[in-house]
Protein chains: 2
Amino acid sequence: MRADAKKNHDHILDVARELLATGGADASLRDVARKAGVGLGTMYRHFPTRETLLEALLRSSFDRLSASAVELERTGPGNTALLSWLREVIVLARHYGGAIRSMVAALEDESSALHASCVGVKAAGTRLLARAQSEGTVRPDLDGADLFAIVGALAWINDQPALSQRSDHLFAIITDAVLTKP
Amino acid sequence: MRADAKKNHDHILDVARELLATGGADASLRDVARKAGVGLGTMYRHFPTRETLLEALLRSSFDRLSASAVELERTGPGNTALLSWLREVIVLARHYGGAIRSMVAALEDESSALHASCVGVKAAGTRLLARAQSEGTVRPDLDGADLFAIVGALAWINDQPALSQRSDHLFAIITDAVLTKP
DNA sequence: ACCTGAACACCGTTCAAGT
DNA sequence: ACCTGAACACCGTTCAAGT
């Protein structure tokens, strides 16, 4: 990559991070280009789709989640490990409002730039879930997809201003349902 | 209302019902006007905001929910009554994809055309919740807002094609968490 | 190689002009 | 009273033209 291209790439990313954090995951890409002082074509060359941009923004967070899962897989009891990890995922989703929707969609769309990352996150969650289940502390009638759905639902609650006040409480209640055997 | 106006009003509603049912709650209003064979201004005169249109579409469903709640308030044990009612709400939300988002927002926005209806639905749910709680079959640390949030979260799961297969299962698990004392 | 911005096809919303 | 559609300000996406 040429030096000027690299500079543009990084600057777009910086601006996008700020705009998507404040305006939600469906902020105007035109705005991003404008505020980055870059032509529209440049924007689209570096990030051909919204998913590409989201992926670049979330990459480091995804990596951190994976590392954290590996760590948690061999510490403490399985149920508390799973719970801590779920909390981390929610915190991430909270920071990029609406991003969870793209992540869920990407899970089944192999052509999405977010696909690999989301599959990785799901796999990490599934491993933590399986261990807790084998220890008998989490209900056995759940799979990784269910876990992802629950995370998504909690993130959605977080995204709604009218509901976000009670979201910690609801996190506790719903994870309670997951972590308790039926 | 003049006869031609009434006719336009109803026809817009019919077209909108079909378009919003298939394309989700944020289908193009321009499309609605176009397919109803009506000028854009006519569209906006009859339904100045998207909420107005949604309200007109959902009115009968809202009324049915309220009637159903009144009915359920004096039949069977409180927890099963609450559960049946929650199921009805979910079915409604399922039919108008994305509408639940507007409903949640309308709950706090007094200027929204959906406000009154949503407050009514929330109140009905709160009554059913309170009865079940007084019977000691539902966890006491929940209020009407929590209930609405849970319904929203379940409806959100339903809206995501990747998750909807497991949504019945998740409905069972999450309502289980609600209906069981901690 | 990379960047720019005009061009195209959309959208929501408003409003002067028509009947 | 009511309807129409042009007009305006946006958006995403593409692509010829520039350096």
Side-chain angles (χ1 to χ4, degrees), chain A residues 1-57 96-99 101-102 105-106 109 111-114, chain B residues 1-57 96-99 101-102 105-106 109 111-114:
Chain A
M1 180 141 50
R2 238 165 57 179
D4 54 344
K6 164 89 173 138
K7 196 180 156 195
N8 275 335
H9 178 97
D10 293 353
H11 192 217
I12 289 171
L13 225 46
D14 284 346
V15 172
R17 171 161 285 119
E18 190 189 326
L19 245 59
L20 294 227
T22 64
D26 41 48
S28 157
L29 296 187
R30 240 188 161 92
D31 250 20
V32 174
R34 206 148 34 207
K35 263 167 193 151
V38 102
L40 266 173
T42 306
M43 173 81 198
Y44 275 90
R45 164 194 306 266
H46 285 293
F47 306 103
T49 66
R50 195 179 221 93
E51 279 74 34
T52 320
L53 182 57
L54 258 181
E55 205 277 335
L57 284 177
Y96 289 93
R101 185 182 206 109
S102 309
D109 177 8
S111 71
S112 164
L114 281 169
Chain B
M1 180 141 48
R2 237 164 56 176
D4 54 344
K6 164 89 173 137
K7 198 180 153 194
N8 274 335
H9 178 97
D10 293 352
H11 192 216
I12 289 171
L13 224 46
D14 284 346
V15 172
R17 172 163 285 117
E18 189 188 325
L19 245 59
L20 295 227
T22 64
D26 41 49
S28 158
L29 295 188
R30 240 188 161 91
D31 249 21
V32 174
R34 207 148 31 206
K35 263 166 194 152
V38 103
L40 266 172
T42 306
M43 173 81 198
Y44 275 90
R45 165 194 305 267
H46 285 294
F47 306 102
T49 66
R50 194 179 222 93
E51 279 74 34
T52 320
L53 183 58
L54 257 182
E55 205 277 336
L57 283 177
Y96 289 94
R101 187 184 204 107
S102 310
D109 178 8
S111 71
S112 165
L114 282 169

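The model shown is predicted, which means the values in this text are computed figures rather than measured ones. Numbered from 1 within each chain, the chains take letters A, B, ... in sequence-line order.
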(message) Angle between ring planes, A:Phe47 versus A:His9, binned at 30° and 60°: parallel, tilted or perpendicular?
(response) tilted
(request) Compare side-chain N and O positions of B:Asn8 against OP1 and OP2 of D:dC2 and report whether any pair is under 4.0 Å apart. (result) no
(message) Can you measure B:His9 atom NE2 to D:dC3 atom C1' for me and round it to whole angstrom units?
(response) 16 Å
(message) Is it the case that the side chain of A:Arg17 and the backbone of A:Leu57 share a donor-acceptor pair, with hydrogens and angles ignored and the cut-off at 3.5 Å?
(response) yes
(request) Could you state the atom-to-atom distance from CG of A:Asp26 to P of D:dC10 in whole Å? (result) 18 Å
(request) In whole angstrom, give the distance that lies between atom NZ of A:Lys6 and atom P of C:dC3. (result) 13 Å
(request) Return the value, rounded to whole Å, for the distance between atom CZ of B:Arg45 and atom C1' of D:dG5. (result) 14 Å
(request) Identify the nucleotide, in any strand shown, that forms a Watson-Crick or G-U wobble pair with D:dC11, with both distances under 3.5 Å; if there is none, say none. (result) none
(request) Look at the side chain of A:Leu29 and decide which nucleotide, out of D:dT13, D:dA7, D:dT4, has an atom nearest to it. (result) D:dT13
(request) Once you apply the 3.5 Å cut-off to both distances, tell me the Watson-Crick or G-U wobble partner of D:dA1, or none. (result) C:dT19
(message) The side chain of A:Tyr44 is closest to which nucleotide in this list: D:dT4, C:dC2, D:dT14?
(response) D:dT14
(message) Is there a side-chain contact between B:His46 and the phosphate of D:dC3, meaning an N or O under 4.0 Å from OP1 or OP2?
(response) yes
(request) Specify the separation, in whole Å, of atom CG of A:Leu19 and atom P of D:dC11. (result) 11 Å
(request) Establish, with yes or no, whether the OP1 or OP2 oxygen of D:dC10 is under 4.0 angstrom from a side-chain nitrogen or oxygen of B:Arg30. (result) no
(message) Of the options D:dC2, D:dT13, C:dG12, whose atoms approach the side-chain atoms of A:Leu40 most closely?
(response) D:dT13
(request) Identify, between B:Asp31 and A:Asp4, the residue whose nearest nucleotide on DNA chain C lies closer to the 5' end. (result) A:Asp4
(request) Establish, with yes or no, whether the OP1 or OP2 oxygen of D:dC10 is under 4.0 angstrom from a side-chain nitrogen or oxygen of A:Ser28. (result) no
(request) Measure from CG on A:Leu53 to P on D:dG12 and round the result to the nearest Å. (result) 11 Å
(request) Grab the NZ-C1' distance between A:Lys7 and C:dA1 for me, whole Å please. (result) 17 Å
(message) Strictly below 4.0 Å, N to O, side chains only: are A:Arg34 and A:Asp31 in salt-bridge contact?
(response) yes
(message) Check whether A:Ser112 reaches the backbone of A:Asp109 with its side chain - one donor and one acceptor, N or O, closer than 3.5 Å.
(response) no
(request) May I ask you to check whether over 12 heavy atoms, not counting those of B:Arg101, lie within 6.0 Å of atom CZ? (result) no
(message) How many whole angstroms separate atom CE of A:Met43 from atom P of D:dT14?
(response) 13 Å
